[in-house]
Amino acid sequence: MTVEQDGLSASEIAEAVKGKRLSALDVTEAALARIARHDPVLNSFTDVTAERARAKARAIDAAIATGQNVGPLAGVPFAVKNLFDVRGFTTRAGSKINRDLKPSTRDATLIERMEAAGAVLVGALNMGEYAYDFTGENVHDGPSRNPHDVTRMTGGSSGGSGGAVGGGLVPIALGSDTNGSIRVPSSFCGIFGLKPTYGRLSRARSFPFVYSLDHLGPFARKVDDLALAYDAMQGADPEDAACTTRPAEPVRAFLGQDIGGLRIAIAGGYFQKNVFPEAVEAVARVAKALGATRTVEIPEAARARAAAYVITAAEGASLHLDRLRQRPNDFDPAVRDRLLAGAMIPAPLVDRAQKFRRWYRAQVLELFKSVDVILAPATPCVAPKLGQATFVLDGVELPVRAHIGIHTQPISFIGLPVVAVPVPLEPMPIGVQIIAAPWREDIALRVAFALERAGAASAPPPRGI
């Protein structure tokens, strides 16, 4: 077996490394070579941790040689959005201002857990400034580019994560999702992404955006790899006050369980508006593969999106208020202006948004008494062109940056778990959200696995590099 064989998944790499058919060092060198070859075009990486990766790989190979258990991710290369703390590097969070911070002295919890499971960190990834972005275009580091058409967006704010996995540079990447920043790049780049339940995975030692909405999670080209990473990262963490104290609930062993008894419905109303034909087609294909014909109405989804905007702007502005006062000209102007607007939102509006949030959560949880899974578009369209400022939704010309997350925001607003699955349309892929009740990542992943096995969802090979 050679490392350069196309299409090796994370689980295949780990089994080959543990079985001594591949060395972790060879796998790492191959990943570093792919990054060197393709990233000048994709612009996914901001930092490459080559020497650290080689040292970790050598340690894995030495441990295997002496019969030690090196973990389920043995030798698997991965990378992280540059809002994760990486020991020895400054956590820039896509910004110019953060570059003046001291280097981190410790890795983020999720990096520690991935490496404890045998994975090898190869770098940090491009992102929208301070995660306030849906496009993947960064004014300081340049835009990340879509691996299927480098003239198009990756989506954001985890754009580098989407591009690196979609482009085959690494089999697994980690990102964050506040209003859609895992699901949007998954959709545009044609890969699988998991936004877990709010509080499921630790956010310790990652740079925040909106504390009450932030989630961290993985991207992969295979559902099995998504589950492998997710299982490795679970567990309580007192360093994140929002992290659950529930025991870990591994899912990988149950992916292949029959889904015939699950009650699957299609989101109607709001989620069938403001969509291009490709989004309609993608949902229809997924629904047909699952035999889903029932439609359910998620009540007041438009108000949920509006409330998410209010909370996002207000909390984000509060976090950055000192930076806005001291260094306004060092922000991306588009980010700065939205944060300044957020700083001026009246407190009664924020209070009303939070009260509505509680009501909305109760209404949606009531829906999950009669359904197990809800299907919805991940994005209204395939990836727009880089620099595209507007598109037309339902006959109205709207700003691209603000409206890409039109179908993701009402879901993360109340912290529901979602797997974004890629539907390989031509010429560009697009994603569908598999939405489950809180703490039921296992159900969403089982449905995604069934779709992948049936050929209805799959990550296409990169077409643009």
Side-chain angles (χ1 to χ4, degrees), residues 81-85 91-95 97-98 101 108 127-134 156-158 175-184 195-217 239-244 301-328 330-361 401-406 408-416 418:
K81 188 174 184 176
N82 71 28
L83 57 68
F84 287 72
D85 285 1
T91 306
R92 64 179 73 181
S95 70
I97 296 170
N98 274 32
L101 298 175
M127 60 174 284
E129 182 178 85
Y130 290 127
Y132 209 166
D133 167 63
F134 276 137
S157 62
S158 308
S176 69
D177 189 309
T178 302
N179 286 304
S181 291
I182 286 173
R183 291 160 289 162
V184 167
K195 184 201 79 64
T197 307
Y198 179 80
R200 172 68 90 175
L201 297 182
S202 172
R203 303 169 302 179
R205 294 180 300 284
S206 66
F207 198 89
F209 173 27
V210 180
Y211 190 79
S212 73
L213 292 172
D214 289 346
H215 310 65
L216 304 182
E239 295 188 60
D240 177 3
C243 188
T244 184
R303 285 182 68 197
R305 181 176 182 240
Y309 257 119
V310 169
I311 293 168
T312 295
E315 282 196 39
S318 176
L319 175 68
H320 292 287
L321 201 54
D322 288 343
R323 281 177 281 272
L324 288 165
R325 287 168 172 157
Q326 296 162 10
R327 299 180 62 173
D330 288 334
F331 280 86
D332 173 346
V335 172
R336 179 195 61 216
D337 292 351
R338 282 182 290 163
L339 290 172
L340 287 171
M344 294 183 281
I345 294 175
L349 283 184
V350 181
D351 178 60
R352 289 182 185 182
Q354 293 287 17
K355 287 176 178 175
F356 169 77
R357 188 181 189 179
R358 289 191 291 274
W359 176 88
Y360 177 70
R361 176 180 170 82
R401 182 185 283 244
H403 289 83
I404 289 172
I406 193 167
T408 53
Q409 287 172 287
I411 307 305
S412 43
F413 181 54
I414 51 173
L416 300 177
V418 186

Enquirer: Taking the side chain as C-beta and beyond, is there a heavy-atom pair between Ser181 and His215 under 4.5 Å?
Expert: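 No, their side chains stay 4.5 Å or more apart.
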Enquirer: Taking all heavy atoms of Arg305 and all of Pro410, pick out the closest pair and write down the distance.
Expert: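 Shortest heavy-atom separation between Arg305 and Pro410 comes out as CB-CG, 4.1 Å.
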Enquirer: Looking only at heavy atoms, what is the nearest atom pair of Ile414 and Arg361, with distance?
Expert: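 Ile414 and Arg361 have their closest heavy atoms at O-NH1, 3.2 Å.
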Enquirer: Nearest 0.5 angstrom please: Arg92 CZ to Ile97 CD1, how far?
Expert: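 One gets 14.0 Å once the value is rounded to the nearest 0.5 Å.
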Enquirer: Check the angle between the aromatic planes of His320 and Phe331 and answer parallel, tilted or perpendicular using the 30° and 60° thresholds.
Expert: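 Perpendicular: the ring planes of His320 and Phe331 meet at over 60°.
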Enquirer: So, for Ile345 and Ala313, which heavy atoms are closest and what is the spacing to 0.1 Å?
Expert: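 The answer is CD1-CB, 3.7 Å.
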Enquirer: Please examine the side chains of Arg205 and Phe84, heavy atoms only from C-beta on, and report whether any two atoms are closer than 4.5 Å.
Expert: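 No, every pair of side-chain atoms sits at 4.5 Å or beyond.
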Enquirer: With sequence neighbours left out, what residues match Pro346 under side chain to side chain contact (heavy atoms under 4.5 Å, CB included)?
Expert: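 By the side chain to side chain contact (heavy atoms under 4.5 Å, CB included) rule, Pro346 matches Pro348, Leu349.
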Enquirer: Just jot down the ring-ring contact (aromatic ring centres under 6.0 Å, His included) partners of Phe207, sequence neighbours excluded, or say none.
Expert: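 Phe207: ring-ring contact (aromatic ring centres under 6.0 Å, His included) contacts with Tyr130.
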Enquirer: Are the side chain of Arg338 and the backbone of Ala334 linked by a donor-acceptor contact shorter than 3.5 Å?
Expert: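 Checked: pair present.
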Enquirer: Given side chains that start at C-beta, do those of Leu101 and Asn98 come closer than 4.5 Å, heavy atoms only?
Expert: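 The answer is yes; the side chains approach within 4.5 Å.
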Enquirer: Do Asn82 and Thr91 have side chains that approach each other closer than 4.5 Å (heavy atoms only, starting at C-beta)?
Expert: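 No, too far: nothing below the 4.5 Å cut-off.
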Enquirer: Could you grab the distance from atom CD1 of Ile182 to atom NZ of Lys195, nearest 0.5 Å is fine?
Expert: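 Output value for this atom pair is 8.0 Å.
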Enquirer: Applying side chain to side chain contact (heavy atoms under 4.5 Å, CB included), run through Leu324 and Leu340 and close with a yes or a no.
Expert: CA-CA 8 Å; Leu324 288 165; Leu340 287 171; 4.3 Å; yes
Enquirer: Return the CZ to CD distance between Phe209 and Glu129, rounded to the nearest 0.5 Å.
Expert: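 With rounding to 0.5 Å, CZ (Phe209) is 10.5 Å from CD (Glu129).
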Enquirer: Which value, rounded to the nearest 0.5 Å, describes the distance between Arg401 atom CZ and Phe134 atom CZ?
Expert: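 Result: 10.5 Å between the selected atoms.
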Enquirer: Would you confirm whether Thr312, through its side chain, and Ala308, through its main-chain N or O, come within 3.5 Å as a donor-acceptor pair?
Expert: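 Answer holds: yes.
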Enquirer: Are a donor atom and an acceptor atom from the side chains of Ser212 and Arg357 found within less than 3.5 Å of each other?
Expert: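 There is such a pair between these side chains.
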Enquirer: Let me confirm one number: the CG-OG1 distance from Asp177 to Thr408, rounded to the nearest 0.5 Å.
Expert: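 So the gap between those two atoms works out to 7.0 Å.
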Enquirer: Determine whether Tyr132 and Asp332 make a side-chain contact, defined as any pair of heavy atoms from C-beta on separated by less than 4.5 Å.
Expert: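 No, side chains not in contact.
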Enquirer: Does any N or O in the side chain of Thr178 come within less than 3.5 Å of the main-chain N or O of Leu213, such that one atom is a donor and the other an acceptor?
Expert: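 The answer is no, because no donor-acceptor pair under 3.5 Å joins these two groups.
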Enquirer: At their closest point, which heavy atom of Leu83 faces which heavy atom of Ala131, and how far apart are they?
Expert: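 Looking at all heavy atoms of both residues, the shortest contact is CD2-CB, 4.3 Å.
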Enquirer: I'd like to know whether Leu339 forms a side chain to side chain contact (heavy atoms under 4.5 Å, CB included) with Arg323, so could you lay out the CA-CA distance, the side-chain angles of the two residues, the decisive distance to 0.1 Å, and finally the verdict.
Expert: CA-CA 11 Å; Leu339 290 172; Arg323 281 177 281 272; over 6 Å; no
Enquirer: Quick check: closest heavy atoms across Ala242 and Arg203, and the distance to 0.1 Å?
Expert: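 The answer is CB-NH2, 3.2 Å.
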Enquirer: Could you tell me whether the side chain of Tyr211 reaches within less than 4.5 Å of the side chain of Asp240, counting heavy atoms only?
Expert: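 Asp240 vs Tyr211: side chains touch.
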Enquirer: Working note: Glu239 + Ser202, criterion side-chain hydrogen bond (donor to acceptor under 3.5 Å, both in side chains); need CA distance, chi angles, decisive distance, verdict.
Expert: CA-CA 8 Å; Glu239 295 188 60; Ser202 172; over 6 Å; no
Enquirer: Work out which heavy atom in Val350 is nearest to a heavy atom in Ala314; give both atom names and the distance.
Expert: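 What the structure gives for the nearest pair is CG2-CB, 3.7 Å.
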Enquirer: Would you mind reporting whether Phe356 and Phe413 have side-chain heavy atoms less than 4.5 Å apart?
Expert: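 The answer is yes; the side chains approach within 4.5 Å.
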Enquirer: Just so I know, are the side chains of Asp214 and Ser176 near enough to count as touching, which here means a heavy-atom distance under 4.5 Å?
Expert: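 No; the side chains remain at least 4.5 Å from each other.
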Enquirer: Look up atom CG in Asn179 and atom CD1 in Ile404, then write down how far apart they are to the nearest 0.5 Å.
Expert: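 Rounded to the nearest 0.5 Å, the CG-CD1 separation comes out at 12.5 Å.
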Enquirer: For Lys81 and Ser206, run side chain to side chain contact (heavy atoms under 4.5 Å, CB included): C-alpha distance rounded to whole Å, both residues' side-chain angles, the deciding distance at 0.1 Å, then the answer.
Expert: CA-CA 10 Å; Lys81 188 174 184 176; Ser206 66; over 6 Å; no
